[in-house]
Amino acid sequence: MASKVRFARVGDALGAHMDVEELLDAFAEGEGLIANTAFRGMALAYEAAESATFDTVLFRGCEFDGVDFSGCTFRDVRFEGCRFTRCSMERAWLSRCDVLSCSAPGLNLLQARLSSVLFEETDLSYANLSEASIDRVAIRASRLREAAMQAVKAKRLVFSDSDLTRLDVFGTKLAGIDLSTCAFEAPVLSADYRELRGAVVSAEQALSLSTLLGFVIAEE
C-alpha cells in the first residue's frame, strides 16, 4: 500500500445534514441509518448506537465517552481528531474507513471486521482487536502499546513507524508482515513463539527477539 493511501470516500466539504437530536433518534429506532452527513465538535456520552449503519460520514473533533457502537456498520467513514474513552466497537464492521490523529486508548474491537481501514497517528494503546478479521489494514505512526491482537485473522496488514511495545499477538500469524520500522519489544507470544515465523524484522529487532529464543550472541 502506498504511504499516502486513504480509504474513506468522504470529502472535506461534506455538510452537516443531521443534527445530534436526529442522530440519537436514529439510535433509538434500532439499526438506524446515518448517511451523507458531517459531525464537527460533537460530544456523546453513554449512548448506545443499537447496530446503526454509518454510511459516508465525517466525524471531526468529536468526543465519545462510554459510547457503545457494538454491531454497527461503518462504511466510508472518516474519524479525524476524535477522542474515544471507554468505547466499544465489538463485532462492528468497518469498511473503507480512515481514523486519523485520534485518541482511542482501550477501544474494544473484539471480533470486529476491518476491511480497507487506515489508522494514522492514532493512539490505540490497550485496545482489544482480538479475534478480529482484518483485510487490507494500514497502521501508520500509531501507538498500540500493550494492545491485544490475539487470534486475529489478518491479510494485507501493514505496520509502519508505530509503537507495538508489549503487543499481545498470541495465536496471530505474523508471517509476511513487515515490522522493521516499528518498536516491537517484549511481544506476548505462545510458548514456541510460532507467531514470529516468517515475520520481517530489522537486524536490531532480531537481536532483541533472540533473547526470547534463548540465544546468546557471540562477541566477535
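Everything numeric in this text was worked out from a predicted model, so none of it was measured.
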Could you state whether V200 and L164 fall into the same hydrophobic cluster, counting links through intermediate Ile, Leu, Val, Met, Phe, Trp or Tyr residues with side-chain heavy atoms under 4.5 angstrom apart?
no

What is the distance from atom OG of S115 to atom CZ of F7, rounded to the nearest 0.5 Å?
8.5 Å

Is any side-chain heavy atom of M149 closer than 4.5 Å to a side-chain heavy atom of I134?
yes

Spatial distance of atom OG (S162) from atom CD (E120) [nearest 0.5 Å]
9.5 Å

Same apolar cluster: V10 and V5, side chain cutoff 4.5 Å
no

For C102 and F79, work out which heavy atoms get closest and say how close.
SG-O, 3.5 Å

Output all residues satisfying side chain to side chain contact (heavy atoms under 4.5 Å, CB included) with T181, sequence neighbours left out; order by chain, then residue number.
S160, D161

Check whether any side-chain heavy atom of R9 lies under 4.5 Å from a side-chain heavy atom of T56, and answer yes or no.
no

Restricting to side chain to side chain contact (heavy atoms under 4.5 Å, CB included), what partner residues turn up for A38, sequence neighbours left out?
L14, R40, L58

Taking atom CG of D163 and atom CZ of R143, what is their separation to the nearest 0.5 Å?
5.5 Å

Are F159 and V201 connected in the hydrophobic side-chain network, where two residues link if heavy atoms are under 4.5 Å apart?
yes

Which atoms form the tightest heavy-atom contact between V169 and E195, and what is the distance?
O-CG, 3.1 Å

Residue pair L196 / F184, side-chain heavy-atom distance below 4.5 Å:
yes

Determine whether the side chains of Q205 and S180 contain a donor N or O and an acceptor N or O closer than 3.5 Å.
no

With the 4.5 Å side-chain cut-off for hydrophobic clustering, are V77 and I34 part of the same group?
yes

E31: partners by side chain to side chain contact (heavy atoms under 4.5 Å, CB included), with sequence neighbours left out:
S51

How far does OG1 of T172 sit from CG of L189, to the nearest 0.5 angstrom?
10.0 Å

Is a donor on one side and an acceptor on the other found under 3.5 Å between the side chain of E50 and the backbone of E29?
no

Applying ring-ring contact (aromatic ring centres under 6.0 Å, His included), can you list everything that pairs with F64, at least two apart in sequence or on another chain?
F59, F69, F84

Output every pair passing side chain to side chain donor-acceptor pair (under 3.5 Å) with a member in residues 14-23, not counting sequence neighbours, ordered by first then second residue.
none

Check step by step if side chain to side chain contact (heavy atoms under 4.5 Å, CB included) holds for E47 and L23.
CA-CA 11 Å; E47 300 288 348; L23 174 67; over 6 Å; no

So, D98 side chain and R6 main chain: donor-acceptor pair closer than 3.5 Å or not?
no

Going from NZ on K173 to NZ on K153, what distance comes out if it is rounded to the nearest 0.5 angstrom?
11.0 Å

Would you say that L44 contacts F27 through its side chain, given a criterion of any heavy-atom pair below 4.5 Å between the two side chains?
yes

Heavy-atom side-chain proximity of L114 to M89 below 4.5 angstrom
no

So if you build clusters from Ile, Leu, Val, Met, Phe, Trp, Tyr with side-chain heavy-atom gaps below 4.5 Å, do Y193 and L179 land together?
yes

Closest approach of C62 and G41, non-hydrogen atoms and distance?
SG-N, 4.0 Å

Spacing of R166 atom CZ and S125 atom OG [to the nearest 0.5 Å]
9.5 Å

Please list all pairs meeting side chain to side chain donor-acceptor pair (under 3.5 Å) that have one or both residues in residues 65-83, counting only residues at least two apart or in different chains.
D12-R78, D55-R75, R60-E80, D65-R86, D68-S70, S70-S88, D76-R96, R78-E80, R83-S103

